[in-house]
Asker: 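One structure, as structure tokens, below. Some questions next.
Letters go in sequence order (proteins before strands), and every chain restarts at 1.
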Number of protein chains: 2
Amino acid sequence: MSRNANGSAPAPEGGWLDGEQQRAWLAYIRLQLRLTYEMNRQLQSDSDLSLPDYDVLTALSVAGGDPMPITVLAAQIGWERSRVSHHVRRMTQRELVRCSPSANDRRVTEVSLTRHGRTVLEAAALGHVELVRRLFFDGLPRELVGPLSQALESVYANTIARGTLPPPVDWHPPGGE
Amino acid sequence: MSRNANGSAPAPEGGWLDGEQQRAWLAYIRLQLRLTYEMNRQLQSDSDLSLPDYDVLTALSVAGGDPMPITVLAAQIGWERSRVSHHVRRMTQRELVRCSPSANDRRVTEVSLTRHGRTVLEAAALGHVELVRRLFFDGLPRELVGPLSQALESVYANTIARGTLPPPVDWHPPGGE
DNA sequence: TGGCATTGCGTGACATGTCACCTATGCTTT
DNA sequence: AAAGCATAGGTGACATGTCACGCAATGCCA
């Protein structure tokens, strides 16, 4: 059915994705594109934050207020360091975060939430969580929540093991290792 | 456990996400960030395409070579129209796609793959599929592929029903309606 | 301690994405 | 057919992201 099923184009090593996999992948990609768009839009219009802003604030907030080196932050949210560097500079101008040189290692810049940043994040979280519930969980049958988590976590672990980006600092692979 | 569980911050309508949902959502977000990064990187270095380039080419290719109006393309891949417009202009300069005014409705611009675009896409698909298999499916237990598809499709449907972006042209909601 | 590779980060040039707004066309109603 | 509205899409200014590179601090080892 798909034009990839027969041999009109060269096949990747190990062949194309099989039917079940095609389905899963298409579902993933489609959803991802839309969700990202919707989250961005909602945050922007309700809280004057972009989704990337929100990702940064959340990561810092989860760290519990401890200042976080740029590199660590980058690994947490899966960005390149230079992107973090630029972005943090902009967020600093908006007083959402603060940078200070580390005492231990003077190459390191540590980023932390400002009070204002925390306030903005908490306010934004309201609408954001609301949206996530409405778009994501309201469409997800209860009994699929567990399997979904398992599937995504399992893929995530694999992504870290075999991808190019360094693991987040607090990462420990699943199972005994 | 989470600082949201008790009442130190104002709660969104309907409360925060519950434990199971938190887990699923975190898994989704984390994975999304990394996967996007890795796909971008691989395409860029192996095929001189960005992930957005690839999304556009794929959408056009799936349409089976029929020219596609900007608006339709935008809905397929979940972008704003103006983004598509800019992007298509750039891709035209690289000879990946072609634009021509529609005969029926002269407001409409129809985009289609060039021969070169198709060639590039087919070449890029090799490495891309390979990466998807390696990062995604090699980490996903067989028995979870089905539930994962179901979960994602179900959320996707909800996203279309309740989101702000128009549905893709070929969209029909699941179940009888 | 003097090289020398490594690490952490910033920067500048450029590619990309967003937003507000413009025009041209088409549709509908009178 | 003219008025008024809706729709398709382009555009320009600006925000954001990427890439290649540079500099300074550190680690390592002879």
Asker: What is the separation between atom CD on Q93(B) and atom C1' on dG10(D), rounded to the nearest whole Å?
Answerer: 14 Å
Asker: Does dT11(D) have OP1 or OP2 under 4.0 Å away from a side-chain N or O of S85(B)?
Answerer: no
Asker: When the distance from CG of L96(A) to P of dT16(D) is rounded to whole Å, what number comes out?
Answerer: 11 Å
Asker: List the protein contact pattern of nucleotides 18-27 of chain C with one symbol per nucleotide (5' to 3'): B for base contact, S for sugar-phosphate-only contact, - for none; contact means a heavy-atom distance under 4.0 Å.
Answerer: BB----BBS-
Asker: Restricting to salt bridge (charged side-chain N to carboxylate O under 4.0 Å, His left out), what partner residues turn up for D138(B), sequence neighbours left out?
Answerer: R162(A)
Asker: Check the side chains of D53(A) and H87(A) for a donor-acceptor pair under 3.5 angstrom, ignoring hydrogens and angles.
Answerer: yes
Asker: In terms of side-chain heavy atoms of R81(A), which of dC9(C), dT16(D), dA8(D) is nearest?
Answerer: dC9(C)
Asker: Tell me: CG of L49(B) to C1' of dT16(C), nearest whole Å?
Answerer: 15 Å
Asker: Without decimals, in angstroms, what is the distance between E110(B) CD and dG9(D) P?
Answerer: 9 Å
Asker: Between D18(A) and R142(B), does any side-chain N to carboxylate O distance fall below 4.0 Å?
Answerer: yes
Asker: Is the distance from OP1 or OP2 of dG17(D) to the nearest side-chain N or O of H87(A) less than 4.0 Å?
Answerer: yes
Asker: Check whether any side-chain nitrogen or oxygen of S50(B) sits under 4.0 Å from OP1 or OP2 of dT16(C), and answer yes or no.
Answerer: no
Asker: Rounded to whole Å, how long is the line connecting atom CG of L73(B) with atom P of dG10(D)?
Answerer: 12 Å
Asker: So does N104(B) get a backbone contact from the side chain of S102(B), meaning a donor-acceptor N/O pair under 3.5 Å?
Answerer: yes
Asker: Using a strict 4.0 Å threshold on nitrogen-to-oxygen distance, state whether E153(A) and R23(B) make a salt bridge.
Answerer: yes
Asker: Between F136(B) and Y28(A), what is the ring plane arrangement, given parallel below 30°, perpendicular above 60°, and tilted in between?
Answerer: tilted
Asker: Would you kindly give the CZ-to-C1' distance between R94(A) and dA15(D), to the nearest whole Å?
Answerer: 10 Å
Asker: Do L144(B) and Y156(B) sit in the same hydrophobic cluster, where Ile, Leu, Val, Met, Phe, Trp and Tyr count as joined when their side-chain heavy atoms come under 4.5 Å apart?
Answerer: yes
Asker: What is the distance, rounded to the nearest whole Å, between atom CE of M68(B) and atom P of dG9(D)?
Answerer: 12 Å
